Number of protein chains: 2
Amino acid sequence: MIELEPLTADFFGPHCPVPALPITGGAKWSWKIMRCLEAGPRRFSELKVPLRGITAKVLAETLRAMERDGVLTRTAHDENPPRVEYELTPLGRSLFGPMDAACAWGREHLADLLAAREAYEQGEREVA
Amino acid sequence: MIELEPLTADFFGPHCPVPALPITGGAKWSWKIMRCLEAGPRRFSELKVPLRGITAKVLAETLRAMERDGVLTRTAHDENPPRVEYELTPLGRSLFGPMDAACAWGREHLADLLAAREAYEQGEREVA
DNA sequence: CTGTATCCTCATTGATACTG
DNA sequence: CAGTATCAATGAGGATACAG
């Protein structure tokens, strides 16, 4: 199970670590899962396909962690074949606020980032 | 060296993964380093002490990665004993925007998060 | 003081096989 | 279909020693 740091009252204070967001536990996939669920509920297999490369094991673990943190709900329909649907909670949807802020930052500063990397590699070449 | 996913033009689009922010590479420490540098330049040892538990190796690696991404500068003064100062760039400072947004989200929804975890553990106890 | 060089451990992830 | 169980691989991170 993906563990987060313990939550204390001042956890989100001035020295808040990254793992503030529930989605940063298992960050590699949870962010993408959020986007897959943005348009509405999805089944296990409907998540697994677009998340190319994820294994059932990791997907299940990540979904459990997100359920534990209250960002999505898991609904198992009693049918055959079985059908399980995952849906974002209002709490989960509220995460799009900071997520979009991060994406906006990225788009805004993409040129700076690319320039910084190029400059850095340039410096490496000069040393070599 | 901490590697980030390759940057493409649409990297920060609707399906932007978490690693959008340079600070999410080596996330365990880089977020805290940002906060340590928020008030002004700091020396290597002035970072190492407040970041209790970090080793010189990991601190050096993380600082290099952040330098590569253009969020801070490294200035080695030619003295004895050596003195090296790290300082945030304007690009680095701009990261406080999304970082503060994330922290604000956390403070705003702390009660929801704690309630969700309690409910989840409650469910586990009922199963057992 | 500010690192680098090795070696090592542990957790996350991946691969594969299997089940209700 | 929607997982779980098991084992293997990978890599960030830590311990320690040493160098400029």
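In the text below, chain A, chain B and the rest are named by the order of the sequence lines, each starting its count at 1. Keep in mind the model is a prediction, meaning the values are calculated, not measured. Computed from heavy atoms alone, side chains included, the values below leave out hydrogens, waters and symmetry copies.
- For D:dC1, the OP1/OP2 oxygens have no side-chain nitrogen or oxygen of A:Arg43 closer than 4.0 Å.
- Contact annotation for B:Lys48: no contact, since no heavy-atom pair falls under 4.0 Å across all strands.
- The shortest heavy-atom contact between A:Leu37 and A:Arg93 is O-NH2, 3.7 Å.
- Taking atom CD on A:Glu61 and atom P on C:dT13, their separation rounds to 8 Å, with Å as the unit.
- D:dG20 atom C1' lies 14 Å from atom CZ of B:Phe44, rounded to whole Å.
- Closest approach to the A:Val58 side chain among D:dG3, C:dT13, C:dT2 is made by C:dT13 (side chain taken as heavy atoms from C-beta onward).
- As a whole-Å value, the separation of A:Leu47 CG from D:dC1 P is 14 Å.
- Between the CG atom of B:Asn80 and the C1' atom of C:dC1 there is a distance of 9 Å, given to the nearest Å.
- Looking at the side chain of A:Arg74, the nearest of the listed nucleotides D:dC1, D:dG20, D:dG3 is D:dG3.
- Checking the phosphate oxygens (OP1, OP2) of C:dA15, no side-chain nitrogen or oxygen of A:Thr55 falls inside 4.0 Å.
- If you check C:dC1, C:dG3, D:dC1 against the side chain of B:Ser45, the one that comes closest is C:dC1.
- Looking at A:Trp105 and A:Glu108, their side chains never come closer than 4.5 Å, going by heavy atoms from C-beta outward.
- At the phosphate of C:dT2, neither OP1 nor OP2 sits under 4.0 Å from any side-chain N or O atom of B:Arg42.
- If you find the closest nucleotide of DNA chain D to A:Glu85 and to B:Pro82, the one lying nearer the 5' end belongs to A:Glu85.
- Atom CG of B:Leu63 and atom C1' of D:dA12 are 16 Å apart (whole Å).
- Between B:Ile54 and A:Ala56, the one whose closest nucleotide on DNA chain D sits nearer the 5' end is A:Ala56.
- Between B:Lys32 atom NZ and D:dG13 atom P there is a gap of 11 Å when expressed in whole angstrom units.
- Counting to the nearest Å, the C1' atom of D:dA2 and the CG atom of A:Leu51 are 15 Å from each other.
- Side-chain atoms of B:Glu118 do not come within 3.5 Å of backbone N or O of B:Ala115 as any donor-acceptor pair.
- Atoms OH (A:Tyr86) and P (D:dA2) sit 8 Å apart, rounded to a whole Å.
- Shown here for B:Leu91 and B:Asp69, the closest heavy-atom pair between the two residues is CD2-O, 3.7 Å.
- A donor-acceptor contact under 3.5 Å is formed by the side chain of A:Lys57 with the base of C:dG14.
- Between B:Ile54 and B:Lys48 the shortest heavy-atom distance is O-NZ, 3.6 Å.
- Contact check, A:Arg83 against D:dG3: no side-chain N or O comes under 4.0 Å of OP1 or OP2.
- Residue A:Arg64 places at least one side-chain N or O closer than 4.0 Å to OP1 or OP2 of D:dT4.
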